[in-house]
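Right, one structure below, let's go through it.
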Amino acid sequence: MSGTVRREYLKSLRRWHRLLGLVLAIPLILLACTGILLNHSDDLQLNQRYLSGSLLHSWYRISPLQAPQSLKAGNIWVSLIDHTLYLDRRRAAENVAGINAAGLWEDLLIVSSPTALYLFDESNLELLEKIGSESLPPGSILAIAPQGERLQIDLSSGRYSADRNMTEFQMETRAALHVASPQSPPQHLADDLLADWRKQGLSLWRFLLDLHTGRFFTSLSKPLLDLAGVLTLLLVGSGFYISRRLTRK
Amino acid sequence: MFFRLLRYAARTLGCFVLLISSSRAALAEQIYQEPAAFLEEAFEGAVPPASVLYLTGERRSAASQIIGHPPASIRCRYWKNDRRSVWILEEIGKVLPITAGFIVEDAKIKDVRILIYRESHGTEVRHDYFTEQFEGAELTAENRLTKTIDGISGATLSVHAIRKLAALALFYDSEVRN
C-alpha cells in the first residue's frame with residue numbers, strides 16, 4: 001500500500017472510530033452505570049428495594065396470576081393475591097400456598113392453607129406463628145373451626161382437634177367441617193390490595209438488569225444491544241490499530 | 001480491513017449467542033427432605049411433642065441482631081429431648097425463603113440440612129461439603145458462630161442465610177436450655 005493510500009485509509013479509520021465512539025457513548029454509559037450497581041446488588045440490597053409508579057408497572061404489565069380471593073373471619077377480610085396474604089389491607093404473610101379457611105378463636109385469628117396454619121394476634125394482626133406440616137398430623141388441611149377450648153381441624157388423613165398451643169392433637173369422630181369457598185373481595189378492597197401488591201412487583205434489581213441487558217425498551221433492544229457490543233469490539237480494534245500506526249510514525 | 005474485522009466479530013458473536021442460549025431453565029421449589037421426615041431422622045423415630053419458644057423482649061432483640069431483622073413471628077416451634085434440640089427455620093436467600101433443619105446437641109451444631117430450596121440459583125448450599133462446615137460450631141458471647149464458614153461463589157446470599165439461621169438455632173437452643 002503506498003504512503004498516500006495508507007494515510008487516507010488511516011484518516012478514514014479515525015473518522016469511523018470517532019463516529020463509533022459517539023454512537024456508543026450512551027449505551028456504554030448505561031451499561032457501565034447499571035453494571036456497577038448490579039455488581040454490588042447484594043450490598044445495596046437491590047432485590048429488597050422496589051419501584052413504585054403506575055407507568056412502570058403498566059410497562060411491565062405487572063399483574064397477579066389470579067384475581068384476589070377472600071374469606072371473612074369476623075369483621076376481618078382474609079385475602080390472597082398469588083402467594084401474598086392480606087388481613088384487611090395489611091400485608092400479613094408471604095409464600096402462602098392458598099387459603100381455605102379462616103376463623104377467630106378467642107384472641108387469635110387463624111388462617112389455614114393446604115400446607116400450614118397461620119396464627120395471628122386478633123388485636124394487631126401480627127403473625128404469632130406459622131405452623132407447618134411437620135407440626136401437624138399428616139395430610140393437607142381442608143378446614144378449621146374453633147370450638148370452645150379446642151380447634152377442630154380436618155385434614156385429608158382424618159379429623160382432629162388441637163389444644164391452644166397446637167402441640168397436642170387428638171383424632172375426632174365428628175362430622176366433617178364445612179369447607180369454605182374463597183370469593184372475590186369487595187371492589188374497593190380488591191383495588192387497594194392490588195395497588196399494594198404491585199408495589200412489590202418490580203424490584204430495583206430487576207429494573208437495572210433489564211436496562212443492562214436491553215430487555216427494558218422493546219423486543220428490538222436486545223439485538224440492538226448485541227449490535228452495540230459488536231461495534232464496541234470494533235471500536236477497541238480500530239483504536240488499537242490507530243494507536244499502533246501512530247506509534248510507528 | 002474494517003469490514004474484515006466486522007465479519008470476524010459477527011462470527012464470534014454468533015458462536016457466543018449459541019453458547020449462552022443453551023442454558024438451563026430456572027428451578028422451581030425443590031423439596032430435598034420433608035420437614036417431618038427430618039424430625040423422624042433427627043430423633044431416630046421417637047419425635048417428642050413440639051414446644052413453643054416465645055420471641056419477645058430481649059430475646060427478640062437478640063434474635064433480630066443475629067438475623068438482621070425482627071423474626072417473622074412471635075413464636076418459634078422446636079422439638080427437644082434430653083440430648084438435643086431440633087429447629088426448622090426459614091430465611092430469605094435472595095428473594096424466596098430457604099427452609100433448613102438444625103440439630104443442636106450440647107450447645108453445638110450437630111447437623112444442618114437444607115429441606116426446601118425455592119430460589120433459582122444457589123442450590124449448592126444443600127450439599128454436604130457446605131453443610132458439614134457447621135458441625136461442631138458454637139455461639140460466641142457476641143452471638144456469632146465460632147467456626148468460619150466458607151462461601152460458595154454464586155450462592156452468597158444463600159450462604160449468608162444459612163449462617164444466620166445456624167447462629168439463630170444455637171441462640172434459641174441456649175434460651176430453651178436456660
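Protein chains get the first letters and strands the later ones, always in sequence-line order, with residue 1 at the start of each. In this text, all values refer to a predicted model and were calculated from it rather than measured experimentally.
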Around [X], counting heavy atoms of other residues, nucleotides and ligands shown, do more than 12 lie under 6.0 Å from its [atom1]?
{"X": "Gln170(A)", "atom1": "CD", "result": "yes"}
{"X": "His83(A)", "atom1": "NE2", "result": "no"}
{"X": "Glu132(B)", "atom1": "CD", "result": "yes"}
{"X": "Phe240(A)", "atom1": "CZ", "result": "no"}
{"X": "Glu58(B)", "atom1": "CD", "result": "no"}

Residue pair Lys130(A), Glu90(B): steps toward the salt bridge (Lys or Arg N to Asp or Glu O under 4.0 Å) verdict: CA-CA 11 Å; Lys130(A) 174 191 166 186; Glu90(B) 279 188 357; 3.5 Å; yes

Proximal to chain B - members of residues 114-127 of chain A, heavy-atom separation under 4.5 Å: Leu119(A), Glu126(A), Leu127(A)

Whatever's closer than 4.5 Å to a heavy atom in chain A on Tyr54(B) counts as side chain

Which heavy atom of Thr167(A) sits nearest a heavy atom of Ala50(B), and at what distance?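 Minimum heavy-atom separation between Thr167(A) and Ala50(B): CG2-O, 3.1 Å.
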
Determine the minimum heavy-atom distance between Cys76(B) and Glu129(A), stating which atoms define it.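 For Cys76(B) and Glu129(A), the tightest heavy-atom pair comes out as C-OE2, 4.5 Å.
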
Which atoms of Asn95(A) come close to chain B, meaning under 4.5 Å heavy atom to heavy atom: side chain ones, backbone ones, both, or neither?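 Asn95(A) touches chain B through side-chain heavy atoms alone.
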
Most contacts with chain A, counted as non-hydrogen pairs under 4.5 angstrom, among Pro49(B), Pro97(B), Ala37(B), Pro71(B): Pro97(B)

Distance in Å, Glu134(A) CD paired with Leu39(B) CG, rounded so as to fall on 0.5 Å steps: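 CG of Leu39(B) is found 6.5 Å from CD of Glu134(A).
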
Residues of residues 143-166 of chain B under 4.5 Å from chain A (heavy atom pairs)?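 Near chain A, by residue number: Thr156(B), Leu157(B).
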
How about Met166(A) and Val52(B): do any of their side-chain heavy atoms sit closer than 4.5 Å? no

